[in-house]
Peer 1: 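Mind looking over this structure? Questions follow.
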2 protein chains.
Amino acid sequence: MTRSRSRLANDSWESLLTAHAALMKRFAAEPIWGEVSMREYDVLYTLAKHEGPIRLFELGRGVLLSQPALSRLVERLAERGLVERTPDPEDGRGLRLGLTAAGREAQRRVGGRHAVDVARAVADVLTDEEMRQLESIGRKLAGAQAPAQTRTTSKEAVL
Amino acid sequence: MTRSRSRLANDSWESLLTAHAALMKRFAAEPIWGEVSMREYDVLYTLAKHEGPIRLFELGRGVLLSQPALSRLVERLAERGLVERTPDPEDGRGLRLGLTAAGREAQRRVGGRHAVDVARAVADVLTDEEMRQLESIGRKLAGAQAPAQTRTTSKEAVL
DNA sequence: TTACGGTAGATGCAAACGCATGAACTTCGA
DNA sequence: TCGAAGTTCATGCGTTTGCATCTACCGTAA
């Protein structure tokens, strides 16, 4: 008998989780996190990717942290001179976050070494085809996750 | 020009990370984590899956936590009567961890509801084919992650 | 047997986190 | 135009985490 779609979905999610945990552990064990921690790097990378001032709550979308935790993490990075926080002229409540020169440099330095480790871990195991599939699947999964729509009317087979 | 394998590997890993964060946020927002937190559920689920006594450090493989954090998390679960810790008769250093009846019941209760959310999030977005691909890719990635072998001799294109 | 290196968990402590809430500002309807 | 509701970020506080270290035990070899 074939697995139900629900079962298949849960199995594939568990597989993603397991892979995530295994790779994160491997990367965490690499000796490149002296300057910035993995979580800090996550923030620096997101800021580097956007290349323009970004709001705190936008940053929060990509980072798996609560809003207060992110607020204080950014505060620490600012105190260390890696991130710049300026009030948003167009919205008195908000901040505009950006990397300082030192922050950008740190991101590049750590990112370069991290990318080597990622390449080793992933490219040694997957074919080009699989990597492309993973990229596509991840994009689809991340794309449609407004945090809890109740728009579904279809009855679904549960496990 | 085609992306280098290293670039492809990094892009696909970023995609996995983004999907992971988006889905975790969505699941965390679901109103099912009153009884046990997500991390606690992770431990209960792992114990339920194994179905036999398991060692703490084995548990640690699957869970993204430091050894001391896991040790204390298990301690708390034991105090709440969800997990049973008994000394391992075959190894005086070790523990044998298992679910209590209450723990198993809690895992089933929360797990059932969580599975519904997972199915909604994943199966609504991916085809059966994609879910199977994701499962296979995740398995491959998780499989080969002994935390930092230096067995590679090939020169690799770095970014 | 006994010493020695290695492994499994536990513990002290400072750092970081999440939840609840607060302060400042924006937005929108009356 | 004015007040209520919503949004953005910060802060207080108790809980949890990670790092370093410690204790207890195992395995091996002299």
Side-chain angles (χ1 to χ4, degrees), chain A residues 21 24-25 27-44 47 53-80 82-98 146-147, chain B residues 21 24-44 46-47 53-80 82-98 146-147:
Chain A
M24 287 299 280
K25 287 213 165 192
F27 296 146
E30 299 289 347
I32 68 174
W33 307 110
E35 190 170 9
V36 295
S37 73
M38 276 186 93
R39 260 197 270 266
E40 289 164 350
Y41 175 75
D42 195 2
V43 167
L44 296 183
L47 290 175
I54 188 182
R55 299 292 290 278
L56 187 61
F57 77 93
E58 290 183 81
L59 216 180
R61 293 198 202 297
V63 179
L64 203 46
L65 272 178
S66 69
Q67 177 269 315
L70 184 57
S71 177
R72 283 192 255 239
L73 173 49
V74 167
E75 181 184 17
R76 271 171 267 140
L77 289 173
E79 281 165 5
R80 283 162 57 187
L82 301 175
V83 167
E84 203 169 19
R85 286 184 301 177
T86 57
D88 188 330
E90 299 179 6
D91 186 338
R93 300 165 295 183
L95 292 178
R96 298 165 73 86
L97 304 176
Chain B
M24 288 298 280
K25 288 214 163 192
R26 171 164 175 177
F27 296 145
E30 299 289 346
I32 68 174
W33 306 111
E35 191 171 9
V36 295
S37 71
M38 278 186 91
R39 260 196 270 266
E40 288 164 351
Y41 175 75
D42 195 4
V43 167
L44 295 183
T46 306
L47 289 175
I54 188 183
R55 299 292 289 276
L56 188 60
F57 76 94
E58 290 183 80
L59 217 179
R61 292 198 204 297
V63 179
L64 203 47
L65 274 178
S66 68
Q67 177 268 314
L70 184 57
S71 178
R72 284 192 257 238
L73 173 49
V74 167
E75 181 184 19
R76 272 172 266 142
L77 289 173
E79 281 165 4
R80 283 162 55 186
L82 301 175
V83 167
E84 205 169 18
R85 285 184 302 177
T86 57
D88 188 332
E90 299 180 6
D91 186 339
R93 300 166 295 182
L95 292 178
R96 298 164 72 86
L97 305 176

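Within every chain, numbering begins at 1; the chains are lettered A, B, ... in the order of the sequence lines, protein sequences first and strands thereafter. All heavy atoms count here, side chains included; hydrogens, waters and symmetry mates do not. Please read all numbers here as calculations on a predicted model, not as lab measurements.
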Peer 1: I need the CZ-C1' distance between A:Arg72 and C:dA14, as an integer number of Å.
Peer 2: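 Spelled out: CZ on A:Arg72 to C1' on C:dA14 is 15 Å.
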Peer 1: Between atom CG in A:Leu73 and atom C1' in D:dG18, what is the gap in whole Å?
Peer 2: 15 Å
Peer 1: Among residues 55-65 of chain A, which ones have heavy-atom contacts with DNA chain C below 4.0 Å?
Peer 2: A:Leu65
Peer 1: Determine, step by step, whether B:Val43 and B:Val36 satisfy the side-chain contact (heavy atoms from CB on, under 4.5 Å) criterion, reporting the C-alpha distance in whole Å, the side-chain angles of both residues, the deciding distance to 0.1 Å, and the verdict.
Peer 2: CA-CA 10 Å; B:Val43 167; B:Val36 295; over 6 Å; no
Peer 1: Could one point to a donor on the side chain of A:Arg93 or the base of C:dT26 with an acceptor on the other under 3.5 Å away?
Peer 2: no
Peer 1: Between A:Arg55 (side chain) and A:Leu95 (backbone), is there a donor-acceptor pair under 3.5 Å?
Peer 2: yes
Peer 1: What is the distance, rounded to the nearest whole Å, between atom CD of A:Glu90 and atom P of D:dC9?
Peer 2: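 Between P of D:dC9 and CD of A:Glu90: 14 Å.
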Peer 1: Starting at CG of B:Leu70 and ending at C1' of D:dT17, how long is that distance when rounded to a whole Å?
Peer 2: 12 Å
Peer 1: Can a side chain N or O of B:Arg96 be found less than 4.0 Å away from OP1 or OP2 on C:dG9?
Peer 2: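 Indeed not, no polar side-chain atom of B:Arg96 lies that close.
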Peer 1: For a quick check of understanding: with a heavy-atom distance under 4.0 Å over all strands, which category does A:Arg76 fall into, base, sugar-phosphate or nothing?
Peer 2: sugar-phosphate
Peer 1: Can you confirm whether B:Pro89 sits close enough to B:Arg96 that some side-chain heavy atom of one is under 4.5 Å from a side-chain heavy atom of the other?
Peer 2: yes
Peer 1: Can you say whether a donor on the side chain of B:Gln67 sits under 3.5 Å from an acceptor on the base of C:dA8, or the other way round?
Peer 2: no
Peer 1: Is the phosphate of C:dA10, meaning OP1 or OP2, less than 4.0 Å from a side-chain N or O of B:Arg85?
Peer 2: yes
Peer 1: Looking only at atom types and distance, does a side-chain atom of B:Thr46 sit under 3.5 Å from a main-chain N or O of B:Asp42, one as donor and one as acceptor?
Peer 2: yes
Peer 1: Give a yes/no on whether any side-chain N or O of A:Ser71 is located under 4.0 angstrom from OP1 or OP2 of D:dA10.
Peer 2: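 True: A:Ser71 side-chain N/O within range (under 4.0 Å) of D:dA10 OP1/OP2.
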Peer 1: Would you mind telling me which residue lines up with the more 5' stretch of DNA chain D, A:Arg39 or A:Gly94, judged by nearest nucleotide?
Peer 2: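 Its nearest nucleotide lies further toward 5', so the answer is A:Gly94.
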Peer 1: Taking atom P of D:dT16 as reference, at what distance in whole Å does atom CD of B:Glu40 sit?
Peer 2: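 Distance check: B:Glu40 CD to D:dT16 P gives 8 Å.
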Peer 1: Measure CD/B:Glu75 against P/C:dT11 and give the value in whole Å, please.
Peer 2: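 One finds 6 Å between P of C:dT11 and CD of B:Glu75, rounded.
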Peer 1: Using side-chain contact (heavy atoms from CB on, under 4.5 Å), reason through A:Leu82 and A:Glu40 one step at a time and then give a plain yes or no.
Peer 2: CA-CA 10 Å; A:Leu82 301 175; A:Glu40 289 164 350; over 6 Å; no
Peer 1: With A:Arg39, which of A:Leu44, A:Leu65, A:Leu64 fulfils side chain to side chain contact (heavy atoms under 4.5 Å, CB included)?
Peer 2: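 So the option named by the test is A:Leu65.
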Peer 1: Please check this pair: side chain of B:Lys25 against backbone of A:Val63, looking for a donor-acceptor N/O pair closer than 3.5 Å.
Peer 2: yes
Peer 1: Using whole Å, what does the distance between atom P of nucleotide D:dA10 and atom CG of A:Asp91 come to?
Peer 2: 13 Å
Peer 1: Between atom CG in B:Asp42 and atom C1' in D:dT16, what is the gap in whole Å?
Peer 2: 16 Å
